[in-house]
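No hydrogens, no waters, no symmetry mates; every other heavy atom, side chains included, goes into these values. For clarity, every value in this text was computed on a predicted model and none was experimentally measured.
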Amino acid sequence: MAARRTRGMTGSDLSRTAAARATAIAEQLHHECSILLELYRKRESFTADVTVADGRLVSVPPPSSQLDTRDKLWRLHSALLQCRSLLERAVAKEEEELGGGKKGEYETQRKMVKDRLSLLLLNTGELLKAADGTAVLTPSLEGLELDGPAILFELKLWVYRIFKEVDYWTKTAVTTLQALPSVIAKERARTTRVRSTRSARR
């Protein structure tokens, strides 16, 4: 049944469906990130006035209204890929320096965020491939700060900063992906107009 429905869909319909699915994953991930941040603050007894260094850990071109759909997706996909690398490093450093210990609610939530982020990456990769028509090249991770500080408190702040970075880019993903269906619809309408004009000239 589902296969028959999919077969009848156009490329734009499929893109809109894929964008809606990716948006739902991003929204769920953003919710899970907020829970993870809260659990981490409780675990480390961080008060509301604990601040982390300014500036983004992830390095991507600045946002611009001039970017087309593909470029916006590429920017988002690249940022999320860097987030996953940072998150994997944070988990490894925590287990190295702070000890694995027994697995509790925090560890379960951390794994959930990591798994959901991987799923979101898979979906944004598919959207990017659909927009570009070619295989997705893996963005470079060169220059990404994957080595945490040696001092214990600074290491804890670094892990917290990474969680906040994942939360920031997940929120950005929701905004970017929510706008995609309307962008796809506009591009489809523009393509239809161009085809109609060409047909009229013949």
**Message:** Applying salt bridge (Lys or Arg N to Asp or Glu O under 4.0 Å) to E32 and K111, what does each step give before you reach the verdict?
**Reply:** CA-CA 10 Å; E32 287 164 357; K111 183 179 185 305; over 6 Å; no
I need the [X] [atom1] to [Y] [atom2] distance, nearest 0.5 Å.
| X | Y | atom1 | atom2 | value |
| --- | --- | --- | --- | --- |
| N123 | T23 | CG | OG1 | 9.5 Å |
| K171 | Y168 | NZ | OH | 9.5 Å |
| L119 | I25 | CG | CD1 | 4.0 Å |
| S118 | L87 | OG | CG | 8.5 Å |
| R116 | L121 | CZ | CG | 13.5 Å |
| L29 | D115 | CG | CG | 10.5 Å |

**Request:** Applying salt bridge (Lys or Arg N to Asp or Glu O under 4.0 Å), run through E105 and K42 and close with a yes or a no.
**Result:** CA-CA 11 Å; E105 189 183 0; K42 281 183 184 172; over 6 Å; no
Same cluster for [X] and [Y] if Ile/Leu/Val/Met/Phe/Trp/Tyr side chains link at under 4.5 Å?
| X | Y | answer |
| --- | --- | --- |
| V113 | V174 | no |
| W158 | F153 | yes |
| V91 | L37 | no |
| V166 | M112 | no |

**Message:** Show, in sequence, the C-alpha distance, side-chain angles and deciding distance for L180 and L73, and conclude whether the side chain to side chain contact (heavy atoms under 4.5 Å, CB included) test is met.
**Reply:** CA-CA 9 Å; L180 273 187; L73 279 170; 3.8 Å; yes
Residue pair [X] / [Y]: nearest heavy atoms and the distance that separates them:
| X | Y | answer |
| --- | --- | --- |
| A26 | L177 | CB-CD1, 4.1 Å |
| A19 | L127 | N-CD2, 3.7 Å |
| T170 | C33 | OG1-SG, 4.0 Å |
| L117 | C83 | CD2-C, 4.0 Å |
| W169 | L76 | O-CD1, 4.2 Å |
| L128 | R70 | CD1-O, 3.5 Å |

**Item:** Ionic contact status for E38 with R41, cut-off 4.0 Å
**Value:** yes
**Asked** Does a salt bridge link R161 with E154, judged by any charged N lying under 4.0 Å from a carboxylate O?
**Response** no
**Item:** Set of residues satisfying salt bridge (Lys or Arg N to Asp or Glu O under 4.0 Å) with respect to K114, sequence neighbours excluded
**Value:** none
Side chains of [X] and [Y], heavy atoms from C-beta outward: is any pair under 4.5 Å?
| X | Y | result |
| --- | --- | --- |
| T124 | T176 | no |
| V60 | Q82 | yes |
| V58 | L86 | yes |

**Request:** Please report the C-alpha distance between V159 and I162 in whole Å, then the side-chain angles of each, then the deciding distance to 0.1 Å, and finally whether the side chain to side chain contact (heavy atoms under 4.5 Å, CB included) criterion is met.
**Result:** CA-CA 5 Å; V159 171; I162 286 173; 5.7 Å; no
**Item:** Expected output: side-chain E107 to main-chain G104 donor-acceptor under 3.5 Å
**Value:** yes
**Prompt:** Is there a donor-acceptor pair under 3.5 Å between the side chain of S34 and the backbone N or O of H31?
**Reply:** yes
**Asked** Between the side chains of E27 and Q178, does any donor sit under 3.5 Å from an acceptor?
**Response** yes
**Asked** Should E44 and Y106 be marked as a side chain to side chain contact (heavy atoms under 4.5 Å, CB included) after you check the CA-CA gap, both sets of side-chain angles, and the distance that decides it?
**Response** CA-CA 11 Å; E44 302 302 340; Y106 164 72; over 6 Å; no
**Asked** In terms of the angle between their ring planes, are Y160 and Y40 parallel, tilted or perpendicular, with boundaries placed at 30° and 60°?
**Response** parallel
